[in-house]
Amino acid sequence: MNELRRLIVRHRHVGPLVASLLAGTDAQVTIRDAEGETILDRGGLGGGERFPIVAEYDTIGWVEGGRTARVVASVLSYAASRERDKRSLAAEALERYRELSLIYDLADALGARDDEAAVGALVADQLARLADGAAAFVLELGDDGALSPVAGTTLPTGLAALRAGEGIIGRTVAADAQPELVEHPAEDARAGPGERDGGPILVAPMRVGGRVTGVVGVITPQGTTLRAADLKVVAAIAALAGPALAHVGRRGSAGRRAAGPAPAG
């Protein structure tokens, strides 16, 4: 059932409103959808003027008839736009719930991991769920500028060794870098080997205390469609992964110091 027919036939307020308007004016109008199919005919038979029914700049149908047809078209345009707003808000609320749910669940799961490999594997697994066939990466920034996979993770196939400032991923460790969705890496002048050969890339910097410590993200297969909501998820994962990796790293270093030097052979 198309958008306009659903609005007139099934909406509990719009249908009765249109019926009352037409009954009160005894108007003769015909309402058609964008494809020309008749949805309601009150003796108009295509006569008179033709007025568009518009929802957010999209013409979804027409009202044909006399002066009342203009009013009916305006009422239906307003109702259709309101319905689209409601659906958009509902979708946004669902996405926000998804993001918050992921943050809470991932935070709990990270808190139960006590070594870098376990944390890295968990983060990579969460990233890979963003799209079918997505290749996740969780890279730490070394003092020499090298970007290396954290324990428990690997570089995606075809992705060469990376350094800060090189390629789309390498540039994400800049101090002012922000999470980014690159939909067409093959057309991006920044893309390096392994980046330009794949599909859309999602990437976000990991930070600890305002300092960039690495980068996380996914390279997806060609033809993959990603959304702004997916970028928010990657940003949320990066925000949790950075401190979690730093924490297990400090704990590991403390444990090694407490154990003291290895006994002489």
Side-chain angles (χ1 to χ4, degrees), residues 1-102 130-132 134 178-188 199-202 204 218 220-236:
M1 182 174 289
N2 66 38
E3 181 177 3
L4 182 57
R5 181 176 293 277
R6 183 170 56 249
L7 186 68
I8 294 174
V9 175
R10 292 192 174 179
H11 197 286
R12 62 176 179 171
H13 298 307
V14 176
L17 175 62
V18 172
S20 297
L21 178 61
L22 295 178
T25 59
D26 198 27
Q28 295 182 334
V29 301
T30 300
I31 301 175
R32 307 183 195 275
D33 64 18
E35 286 70 42
E37 182 180 348
T38 300
I39 296 176
L40 186 149
D41 184 18
R42 286 274 304 209
L45 300 177
E49 295 184 75
R50 189 168 181 249
F51 302 97
I53 302 168
V54 180
E56 297 179 345
Y57 306 105
D58 295 331
T59 298
I60 63 173
W62 301 86
V63 182
E64 302 168 4
R67 288 182 300 176
T68 304
R70 183 192 299 273
V71 177
V72 174
S74 297
V75 169
L76 290 174
S77 294
Y78 174 76
S81 295
R82 285 291 304 273
E83 285 302 299
R84 285 197 177 186
D85 286 343
K86 289 179 183 177
R87 289 198 298 271
S88 177
L89 288 171
E92 184 178 343
L94 286 173
E95 292 295 350
R96 181 60 57 87
Y97 173 79
R98 175 193 177 202
E99 182 182 344
L100 290 174
S101 178
L102 181 145
L130 286 167
D132 291 340
Q178 298 297 319
E180 185 176 4
L181 165 58
V182 182
E183 296 186 278
H184 305 288
E187 302 171 9
D188 195 307
I201 297 174
L202 284 166
V218 293
T220 63
Q222 292 185 2
T224 299
T225 299
L226 296 172
R227 304 166 298 167
D230 296 316
L231 182 59
K232 291 181 180 180
V233 171
V234 170

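From a predicted model like this one, the values you see are computed outputs, not experimental measurements.
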Step-by-step salt bridge (Lys or Arg N to Asp or Glu O under 4.0 Å) determination, R82 to D85: CA-CA 5 Å; R82 285 291 304 273; D85 286 343; 5.3 Å; no
Within 6.0 Å of CZ in R70, more than 12 heavy atoms from elsewhere: no
D33 (side chain) donor-acceptor with E35 (main chain) under 3.5 angstrom: yes
Check: E64 main-chain N/O paired with T30 side-chain donor or acceptor under 3.5 Å: no
Minimum heavy-atom distance between [X] and [Y], given as atom pair plus value:
{"X": "F51", "Y": "G65", "answer": "CE1-O, 4.3 Å"}
{"X": "P52", "Y": "A73", "answer": "O-CB, 3.6 Å"}
{"X": "T59", "Y": "A34", "answer": "O-CB, 3.8 Å"}
{"X": "R84", "Y": "I60", "answer": "NH2-CG2, 3.8 Å"}
{"X": "P200", "Y": "P221", "answer": "CD-O, 3.8 Å"}

Test log, rule side-chain contact (heavy atoms from CB on, under 4.5 Å), inputs L76 and I31: CA-CA 10 Å; L76 290 174; I31 301 175; 3.9 Å; yes
Value rounded to 0.5 Å, distance of NZ in K232 from CZ in R227: 10.5 Å
Separation between OG1 of T220 and CG of L202, rounded to the nearest 0.5 Å: 7.0 Å
Test item: V63 and I53 side chains (from C-beta on) under 4.5 Å apart, heavy atoms: yes
